Every structure is written in structure tokens, then in C-alpha cells.
Amino acid sequence: MAKGIKSAISPTRAEDYPEWYQQVIRAADLAEVSPVRGCMVIKPWGYAIWENMQQALDRMFKQTGHENAYFPLFIPMRYLEKEAQHVEGFAKECAVVTHHRLEPDGQGGLRPAGPLEEPLVVRPTSETIIGEMYAKWIQSWRDLPVLINQWANVVRWEMRTRLFLRTAEFLWQEGHTAHATEAEAMEETMQMLDVYAHFAENYLAMPVIKGEKTADERFPGAVATYSIEGLMQDCKALQSGTSHFLGQNFARAQQIKFQNEEGKEVYAWTTSWGVSTRLIGGLVMTHSDDDGLVLPPRLAPQHIVLSPVLRDDSRAAVLQYCDRVAEELRAQNYDGQPIRVSIDRRDLRGGEKVWQHIKKGVPLRAEIGPRDMDSDSCFVGRRDQSPREKQAIPRSQFVATAAATLTEIQNNLFQRARRFRDDHSVHIDTLDDFQSYFTPQNSEKPEIHGGLAWCHWAENPQTAALLQKLKVTIRCVPLDGEAEPGRCVVSGEPTERRFVLAKAY
RNA sequence: CGGGCUGUAGCUCAGCUUGGCUAGAGCGCUGCGUUCGGGACGCAGAGGUCGAAGGUUCAAAUCCUUUCAGCCCGACCA
């Protein structure tokens with residue numbers, strides 16, 4: 001490739017953000033679009049990130065008293081019909097199975113045969129099937145709470161898809177709980193929102209705002225929906241996890257009831273909460289730069305990749321030296337586990353090999369050639385620094401400080417993302433400021449603009465029309481921070497606190 | 001699901017308007033050589049039923065119809 005090229009990914013973020021996003025995913029070999037409409041293939045490097053997310057989240061779910069279970073992929077259509085709002089919300093995007101057999105069509109092909117008596121819906125979410133089971137399992141107050149999580153795939157027939165951010169099929173986890181009292185269910189809802197926020201900030205290194213969704217954005221059938229919202233580098237917000245307080249809506253629809261301590265039959269209070277492979281998209285858009293993916297060490301499939309500089313006269317010795325360094329690194333712990341190290345033995349030119357690891361977001365990389373071996377050191381680069389800033393570090397020091405360096409990178413990424421988020425968060429108090437904040441200078445080819453606008457806001461037809469015009473949405477009513485009486489920037493109506501508004505995915 | 005654009009080699013694309021030699025380029029890939037610590041260079045190669053199906057024609061990547069997929073813009077959504 002030409003020497004003049006400054007960055008590994010083309011176009012850059014500033015030039016064309018959506019295209020940059022796709023190129024980062026491709027360069028890092030995370031995933032591809034599949035031949036199946038709207039569905040993606042998650043490749044090993046991308047799937048390993050998901051596995052790391054699963055591992056961390058699963059531990060947190062267990063620590064908060066949940067157990068894993070598995071429910072069917074297929075949901076009888078009539079289950080979905082029970083909760084009116086729920087049907088309405090999901091009906092438009094359901095895949096439906098109507099046959100259970102194939103037969104020759106007489107022209108060398110196949111056609112469906114054996115129509116089902118009742119169509120089966122491929123789960124878009126599992127409230128209904130799980131609720132159906134809970135209704136059987138729960139009879140006494142002694143049976144509560146029921147705290148179950150499921151790792152699964154779901155299907156929502158999306159018309160417009162983007163890798164990780166929105167695909168017809170995606171992987172997620174869905175927690176479903178049932179409680180004896182409203183307060184306990186609400187406590188669960190908030191607890192899991194906190195778990196998600198903790199995970200986002202400490203693992204994804206993605207600062208998030210916890211908040212409640214407005215009625216329009218609420219989960220179909222929920223009494224209240226809470227979310228964590230992150231800000232991507234193109235200044236659009238990403239809903240990155242949701243926790244729903246379902247009240248007794250689903251319990252009533254599905255007859256989840258029990259005898260309480262007074263012997264009275266009452267409905268249970270339920271919750272559900274989930275995060276998906278969308279988080280990988282959030283990860284990409286929070287940290288990556290014009291040289292490709294940047295991974296927070298806690299979720300990186302490999303923490304360190306050693307790139308031996310292979311020359312005929314010293315090949316064996318260098319490889320042996322690398323093996324030794326790798327062994328020593330693996331004996332170190334980072335984040336409670338041995339450091340994940342691999343050696344790239346491929347006989348590629350040094351520069352090319354190293355750039356591949358940069359594009360894949362490996363947090364720490366070390367080039368090791370005869371010169372390093374002679375001086376008993378490693379030539380180390382960090383993904384949170386420029387590719388040029390490489391340093392020779394004595395082997396023993398590199399090994400001894402590797403875990404601390406990973407911790408430092410993890411923290412740096414979070415600090416950097418938080419600074420970006422804070423730099424793109426503003427209090428807006430006039431309509432003019434609001435409009436100009438969300439209006440690009442160049443309407444032909446909109447530049448990156450906007451961010452999180454904290455505003456006094458009233459929900460009414462007038463404000464809704466403005467939002468539609470500017471393509472802005474109410475992200476949430478933030479939970480943290482104090483109430484601050486004020487007046488709606490559009491209508492002047494008095495309000496209690498500021499909402500967060502932004503353009504969003 | 002509406003409106004627009006696009007499907008030609010693994011990737012990015014030219015060729016199509018005005019049908020006609022054996023369908024091209026760059027990158028990537030394979031081999032050999034020179035190289036090698038910031039993304040190498042030279043030479044020689046492999047690789048395409050032109051998204052798919054029908055049609056028009058002596059002749060279709062090129063024209064027509066249908067269909068599938070992708071991208072952008074709307075509506076919808078984790």
C-alpha cells in the first residue's frame with residue numbers, strides 16, 4: 001500500500017462515519033453479512049468478544065441470584081395475542097412458521113407441506129412463553145421470587161439492517177423475574193439496570209446514562225422501561241441495554257398468580273431485562289479510531305500479541321524467545337485470569353503483521369526480533385496510543401508491568417470516552433439553540449454534529465413535530481441528578497427536570 | 001413496507017448509453033527471486049455460468065420483464 005496513507009481505515013470517521021463503521025468491522029474480521037437476508041455471520045474474533053461479555057455478565061447475574069434456563073424458540077401464536085400492547089409492538093416484525101415438512105415440487109425443487117394447525121412464531125422476545133411456564137410454576141408466595149435468565153437468539157424481521165446494531169436475528173440474554181410485591185419487582189428492575197451500567201462502564205469502558213424511557217419508547221406491555229444510553233463518536237446515542245418493570249400486565253394476561261401469606265390469590269409482579277450483540281456495535285463506535293478497532297482489555301480476545309521478526313539466521317532462536325516471553329506473561333494475572341497472549345508465527349513482513357493486530361484492536365502488541373532478543377527486551381506498542389509510539393522495554397519489566405498496563409489502557413479508554421461524552425453534552429435552554437445544535441451546517445452531506453442535549457421538555461404534539469423534523473428523540477429521563485424545575489424549551493410549559501435528547505440509532 | 005441507487009474476480013470498480021473479437025484494471029491471492037524493525041518490489045500465474053430466472057435477437061454483461069440481495073432516505077425497532 002502507498003506510503004502516503006495516514007490511517008489504516010478508509011474512509012475516516014470524519015469522511016463517512018457509517019462506511020467507516022463497516023470497514024472497521026471488516027478490517028478487524030468481526031463479522032460479515034450473510035447470504036440470508038438481514039442476518040450476519042459473527043466470525044471468531046467477534047464471537048470471542050461476545051463470549052467475554054457473556055462470561056462477565058453471567059457472573060454478575062449469578063451473583064445477584066439468577067439462574068440460567070432455556071425456553072423454546074417457537075412460540076404458539078395465541079400466546080402472543082394475550083397481552084394487547086405486546087402484540088401490537090411486535091406483530092409487524094415476526095417470522096412465522098406455518099409448515100413442518102418439505103416435499104418435491106415436481107420441478108426439481110422443494111415446497112412446504114404439512115401445514116401446522118396453529119402457526120408458530122419465532123421468538124422476538126420470550127415474555128409470553130416464559131410467562132406461560134411461570135403461571136404453572138408459581139402457586140404460593142413461597143415460590144417467589146423466580147429469577148431466571150436465558151441466553152438465546154431472537155428474530156425481529158427488520159427492514160433495514162446494520163451489522164451488530166440491527167439485524168433480523170441477534171444474540172442476547174433476557175432475564176425474566178416474578179415477585180410477590182411491586183416494590184420487590186421494581187427493586188429488581190433497578191438492580192439489573194445498575195448491573196448493565198456497571199458492565200458498560202467497567203467492561204465496555206462506555207460511559208452511560210441511566211434513565212427512564214418515555215411512554216413512546218416503552219417496551220410493549222411494560223409499565224416502565226429503563227435504559228442505559230451511550231454516546232457514539234458520531235454524536236448519536238445508542239440504547240445499550242434495557243430493564244423493564246412489567247407491573248402486573250403480563251401476570252394478568254397469563255394468569256401468573258399465587259396465594260399470598262394471607263391466603264389471598266393475587267397476581268405476581270414481573271420484570272424483564274436484556275442486552276444483545278448490539279453491545280459489540282457500541283464497543284466499535286465508542287473506542288475505535290481511523291486505524292481500526294480499539295478493544296478494552298477486559299473484553300479483548302487476546303490481550304497481547306507477540307510478533308516475532310523472522311529472519312532465516314535467527315528464526316528458531318527468536319521463536320524460542322517468544323515462547324518464553326509468552327509463558328512468562330501467561331503466568332501473570334489480569335482481571336482475575338491469566339493474561340491472554342498469542343504469538344503470530346506467520347511468515348509475513350513485520351509491518352504488515354503488526355498492522356493487522358492494530359486493526360483488530362489488540363490492546364498490547366510486542367515486536368520481537370534478533371535485536372530485542374540480544375538486549376533482552378520487547379518493542380511494545382499500545383492500542384490506546386499512536387502506532388508510532390513504540391518503546392523498547394526490558395523483558396522482565398514488560399512481563400512485570402503488563403497487567404498494570406492493561407488496567408491503565410482500560411481506564412484510559414473509559415476516561416477518553418467519558419471526556420468525549422462530556423464534551424458533547426450540553427444544557428440547552430432556548431429553542432434557537434436547540435434547533436441549531438441538531439442542524440448540520442452542510443445539509444447535503446451532514447457533518448458529525450449534535451450530541452446529548454439536556455433540556456426541559458414537555459411531551460405534546462408541538463414538541464413531537466419538532467423532534468420528527470430534526471430527527472431527534474427523547475433518549476431518557478435521567479435517574480441520577482436532582483430535580484431542577486424549569487420551562488420547556490419549545491412550549492414554555494413548566495417541567496420538573498431535564499430530559500436527555502439526541503439523535504439515535 | 002414506500003422512494004432512490006447498486007449487483008461484473010476475494011475486495012473496489014471500468015465496460016452497458018449506441019448489443020458483435022477470447023470480458024478488463026487496481027488491490028488481494030499462489031509460485032519464484034530480491035527484500036525485511038512503519039503497511040515492500042520485480043517476474044510468472046490462478047481466479048468470472050457478468051446476482052438469479054424468463055424474454056427479444058443471427059448474436060445479450062449490454063435491451064425488456066420478473067425476482068433476489070445490498071446501500072442511502074423515510075416509517076418501525078435492542
Side-chain angles (χ1 to χ4, degrees), chain A residues 1-10 16 18-19 22-23 26-27 32-39 88-94 107 109 124-125 154-174 196 213 216-220 225 227-230 238-244 272-282 291-292 307-315 318 347-359 366-375 377-379 381 386-390 392 445-446 468-469 471 473 504-505:
Chain A
M1 208 174 275
K3 287 219 167 107
I5 287 184
K6 290 277 183 348
S7 65
I9 301 295
S10 174
D16 184 346
E19 181 62 20
Q22 300 199 109
Q23 293 304 329
R26 182 150 68 143
E32 292 180 18
V33 297
S34 77
V36 184
R37 170 203 262 267
C39 297
E88 200 183 313
F90 284 106
K92 283 170 294 226
E93 48 188 23
C94 285
Q107 291 161 29
T125 179
V154 287
V155 168
R156 296 180 189 176
W157 211 257
E158 297 292 347
M159 291 307 153
R160 287 187 62 189
T161 60
R162 298 191 65 185
L163 287 176
F164 293 115
L165 298 173
R166 177 168 299 112
T167 49
E169 179 191 16
F170 57 94
L171 306 183
W172 78 345
Q173 93 10 251
E174 47 181 327
Y196 288 155
K213 287 291 187 182
D216 289 344
E217 308 248 336
R218 201 176 281 153
F219 177 76
T225 286
S227 75
I228 52 171
E229 301 281 332
L238 182 74
Q239 177 174 311
S240 306
T242 48
S243 186
H244 313 292
S272 68
W273 28 275
V275 296
S276 71
T277 38
R278 175 179 247 202
L279 288 176
I280 297 175
D291 287 326
S307 293
V309 178
L310 299 171
R311 314 179 66 151
D312 288 340
D313 52 349
S314 56
R315 174 180 305 260
V318 166
D347 198 358
L348 294 176
R349 292 172 50 79
E352 192 181 348
K353 194 146 80 170
V354 166
W355 273 100
Q356 287 186 11
H357 300 130
I358 292 173
K359 288 186 279 193
E367 293 162 62
I368 299 178
R371 290 214 294 272
D372 308 288
M373 197 170 66
D374 290 345
S375 63
S377 64
C378 304
F379 202 50
S386 150
R388 286 176 200 81
E389 294 179 52
K390 294 189 282 196
K445 190 175 177 294
Q468 176 134 19
K469 185 181 123 204
K471 292 178 211 160
T473 53
Y505 279 93

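Lettering follows sequence order; numbering is per chain, from 1. Predicted, not measured: the structure shown is a model, and the values here were computed from it.
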- So, is Arg349(A) close to the A40(B) phosphate, meaning a side-chain N or O under 4.0 Å from OP1 or OP2?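 For Arg349(A), the contact criterion (side-chain N or O under 4.0 Å from OP1 or OP2 of A40(B)) is met.
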- Is any side-chain nitrogen or oxygen of Arg311(A) closer than 4.0 Å to OP1 or OP2 of U35(B)?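 For U35(B), OP1/OP2 do not have a side-chain N/O of Arg311(A) under 4.0 Å.
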Complementary nucleotide of [N], counting Watson-Crick and G-U pairs under 3.5 Å:
{"N": "C13(B)", "value": "G24(B)"}
{"N": "G48(B)", "value": "none"}
{"N": "A69(B)", "value": "U6(B)"}
{"N": "C43(B)", "value": "G31(B)"}
{"N": "G74(B)", "value": "C1(B)"}
{"N": "A61(B)", "value": "none"}

What's the gap between [N] and [M] when it is taken at their [atom1] atoms, as a whole Å value?
{"N": "A60(B)", "M": "U34(B)", "atom1": "C1'", "value": "47 Å"}
{"N": "C64(B)", "M": "A46(B)", "atom1": "C1'", "value": "37 Å"}
{"N": "G48(B)", "M": "A9(B)", "atom1": "P", "value": "10 Å"}
{"N": "C63(B)", "M": "C5(B)", "atom1": "P", "value": "14 Å"}
{"N": "U6(B)", "M": "A14(B)", "atom1": "C1'", "value": "15 Å"}
{"N": "C43(B)", "M": "A61(B)", "atom1": "C1'", "value": "32 Å"}
{"N": "C76(B)", "M": "G2(B)", "atom1": "C1'", "value": "13 Å"}
{"N": "C11(B)", "M": "G74(B)", "atom1": "P", "value": "29 Å"}

- Please list, by residue number, the residues of residues 273-281 of chain A whose heavy atoms come closer than 4.0 Å to an atom of RNA chain B; answer none if no residue qualifies.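 The stretch gives Ser276(A), Arg278(A) as the residues lying under 4.0 Å from the strand, ordered by number.
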Separation of [X] atom [atom1] from [N] atom [atom2], in whole Å?
{"X": "Lys213(A)", "N": "C77(B)", "atom1": "NZ", "atom2": "C1'", "value": "11 Å"}
{"X": "Trp157(A)", "N": "A75(B)", "atom1": "CH2", "atom2": "C1'", "value": "19 Å"}
{"X": "Asp216(A)", "N": "C77(B)", "atom1": "CG", "atom2": "P", "value": "9 Å"}

Hey, does [X] reach any base, or is it just sugar-phosphate, or nothing, if we go heavy atoms under 4.0 Å?
{"X": "Gln239(A)", "result": "sugar-phosphate"}
{"X": "Phe170(A)", "result": "base"}
{"X": "Gln468(A)", "result": "sugar-phosphate"}
{"X": "Thr167(A)", "result": "base"}

Go through the structure and list residues passing side-chain hydrogen bond (donor to acceptor under 3.5 Å, both in side chains) with [X], not counting sequence neighbours.
{"X": "Thr473(A)", "result": "Arg475(A)"}
{"X": "Arg26(A)", "result": "Gln23(A)"}
{"X": "Lys471(A)", "result": "none"}
{"X": "Thr167(A)", "result": "none"}

- Item | With sequence neighbours excluded, residues passing ring pair (Phe, Tyr, Trp, His ring centres under 6.0 Å) with Tyr505(A) |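 Ring pair (Phe, Tyr, Trp, His ring centres under 6.0 Å) list for Tyr505(A), sorted by chain: empty.
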- Task: Not counting sequence neighbours, which residues clear ring pair (Phe, Tyr, Trp, His ring centres under 6.0 Å) with Tyr196(A)? List them please.
- Result: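 Partners of Tyr196(A) under the ring pair (Phe, Tyr, Trp, His ring centres under 6.0 Å) test: none.
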Would you find a donor on one side and an acceptor on the other, under 3.5 Å apart, between the side chain of [X] and the backbone of [Y]?
{"X": "Asp374(A)", "Y": "Arg371(A)", "answer": "no"}
{"X": "Ser34(A)", "Y": "Cys39(A)", "answer": "yes"}
{"X": "Ser377(A)", "Y": "Met373(A)", "answer": "no"}

- Take Glu367(A) and Cys378(A) through the test side-chain contact (heavy atoms from CB on, under 4.5 Å) and record every step on the way to the result. CA-CA 6 Å; Glu367(A) 293 162 62; Cys378(A) 304; over 6 Å; no
- Item | Of Phe90(A) and Gly351(A), the one whose closest RNA chain B nucleotide lies more 5' |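 The residue whose closest nucleotide sits nearer the 5' end is Gly351(A).
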- If you find the nucleotide of RNA chain B closest to Val309(A) and the one closest to Arg156(A), which residue's nucleotide is nearer the 5' end?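 Between the two, 5'-proximity favours Val309(A).
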Any residue meeting salt bridge (Lys or Arg N to Asp or Glu O under 4.0 Å) with [X], in chain and number order, not counting sequence neighbours:
{"X": "Lys213(A)", "value": "Glu217(A), Glu229(A)"}
{"X": "Glu32(A)", "value": "Lys43(A)"}
{"X": "Asp347(A)", "value": "Arg315(A)"}

- Task: Summarise how protein sits on nucleotides 66-72 of chain B as a single string, 5' to 3': B when a protein heavy atom is under 4.0 Å from the base, S for sugar-phosphate-only contact, - for no contact.
- Result: ---SSS-
Any N/O pairs under 3.5 Å between the protein and nucleotides 9-14 of chain B? List them or say none.
{"residue": "C11(B)", "atom": "O3'", "partner": "Arg26(A)", "partner atom": "NH1", "Å": "3.3"}

